[in-house]
Amino acid sequence: MLGNRHAVEVAPLLLGATITSRIDGQRVSIRLTEVEAYGGVGEDPGSHAFRRETPRNATMFGPPGHAYVYFTYGMHWCLNVVTRPEGTAGAVLMRAGEVVEGIETARARRGTDVRDRDLARGPARLTVALGVTGVLDAVDLLDPRSPLQLSLSGAAPLEVRVGPRTGVGGYGAATPWRFHLADEPSVSPYRAAQRRRPT
DNA sequence: TTTTAGATCGTCT
DNA sequence: GACGATCTAAAAA
């Protein structure tokens, strides 16, 4: 399923899939309810890989099925799955999900006052709930021994909806590569990309 | 309820 | 030197 397909084709298939982390002896599993596809060089202005390969986005050009974890806004980690063969960039960002295992651990990481539906509602929140940081960049998500694993079983979406991507400015937002399950409370609210206001 | 500003730093220009 | 695949708290409406 992963391996040689454009991120746009893979993204909807990941809805309903489960991402599981084994970190600090704790297991946390999240059922994915919202994802976003990102393309390769020259084909997707919203993608990190749009211009060319750089040290930062290198894993996006690496083997499929591996994690692409990046740091943004000076404080947040985001988690992707690489979907195309080595040498070709393409990845799916895991934007939101529902915690189905290890909810106590997730709550401990996110905060005791956080509602269940908000535990993994948003890409940076999802990584916090899982305990994912940059050290997990490029790990094989299909290797049973990995601290981070993706399970496609159960990925049989009932109703998939498509919309514009969030947080992507200009051209990129016009490409409706955001997929999410309908009627899911854990889906992050859509916010159009905002330019920083001039002082 | 909606909007805004600030936090904070790696990456690319 | 500018800004980002974000989030939160606080202010405004």
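Every chain is numbered from 1 and lettered A, B, ... according to where its sequence line falls, protein lines coming before strand lines. Values reported hereafter were calculated over all heavy atoms of this structure, with side chains retained and with hydrogens, waters and symmetry mates removed.
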Practice task
Kindly confirm whether the side-chain ring of Tyr73(A) is stacked on the base of dA7(B), judged by centres under 5.5 Å and planes under 30°.
Solution key: no
Handout entry: Contacts of Arg115(A) that satisfy salt bridge (charged side-chain N to carboxylate O under 4.0 Å, His left out) - sequence neighbours left out
Key = Asp118(A)
Exercise for the section: Without swapping roles, check the side chain of Ser186(A) against the backbone of Arg117(A) for a donor-acceptor pair under 3.5 Å. Expected result: no
Practice task
Report the secondary structure of DNA chain C in dot-bracket form, marking unpaired bases with a dot and bases paired to a different strand with |, and treating Watson-Crick or G-U pairs with both distances under 3.5 Å as paired.
Solution key: ||||.|||||||.
Problem - Separation of atom CE in Met60(A) from atom P in dA5(C), rounded to whole Å - result: 11 Å
Handout entry: Salt bridge flag under 4.0 Å for residues Arg95(A) and Glu36(A)
Key = yes
Handout entry: Spacing between Glu34(A) atom CD and dA5(C) atom P, to the nearest angstrom
Key = 16 Å
Problem - SB check Arg121(A) Glu184(A) (cutoff 4.0 Å) - result: no
Practice task
Answer with yes or no whether Tyr70(A) presents, from its side chain, a donor or acceptor under 3.5 Å of a partner atom in the base of dA5(C).
Solution key: yes
Fill in the blank from the handout: Quick note, salt bridge (Lys or Arg N to Asp or Glu O under 4.0 Å) partners involving residues 69-83 of chain A, not counting sequence neighbours, are none
Exercise for the section: Taking only the side-chain nitrogens and oxygens of His76(A), find out if one of them lies under 4.0 Å from OP1 or OP2 of dC7(C). Expected result: no
Exercise for the section: Could you tell me whether a side-chain N or O of Glu98(A) sits under 3.5 Å from a main-chain N or O of Ile30(A), the two making a donor and an acceptor? Expected result: no
Practice task
Quickly, which of Leu126(A), Val92(A), Thr18(A), Val81(A) forms a side-chain contact (heavy atoms from CB on, under 4.5 Å) with Leu32(A)? Name it, please.
Solution key: Leu126(A)
Practice task
Indicate, with yes or no, if Met94(A) and Val128(A) share a hydrophobic cluster defined by side-chain heavy-atom contacts under 4.5 Å among Ile, Leu, Val, Met, Phe, Trp and Tyr.
Solution key: no
Practice task
Figure out the CE/P separation between Met75(A) and dG6(B), and round it to whole Å.
Solution key: 13 Å
Practice task
Could you tell me whether Asp44(A) and Arg165(A) make a salt bridge, using a distance below 4.0 angstrom between a side-chain N and a carboxylate O?
Solution key: yes
Practice task
Return each pair, listed once, that meets ring pair (Phe, Tyr, Trp, His ring centres under 6.0 Å) where at least one residue sits in residues 35-54 of chain A; pairs must be two or more places apart or across chains.
Solution key: His48(A)-Tyr70(A)
Every protein N/O within reach of nucleotides 10-12 of chain B N/O, cut-off under 3.5 Å:
residue : atom : partner  : partner atom : Å
dC12(B) : OP1  : Thr54(A) : OG1          : 2.2

Handout entry: Neighbours of DNA chain C within residues 103-126 of chain A, by heavy-atom distance under 4.0 Å
Key = Arg110(A), Gly122(A), Pro123(A), Ala124(A), Arg125(A)
Problem - Separation between the C1' atoms of dA5(B) and dC3(C), rounded to whole Å - result: 16 Å
Exercise for the section: Please check if Val35(A) and Leu2(A) belong to a single hydrophobic cluster, counting links between Ile, Leu, Val, Met, Phe, Trp and Tyr side chain heavy atoms closer than 4.5 Å. Expected result: yes
Problem - Whole angstrom value for the distance that separates P of dA5(C) from CD of Glu43(A) - result: 17 Å
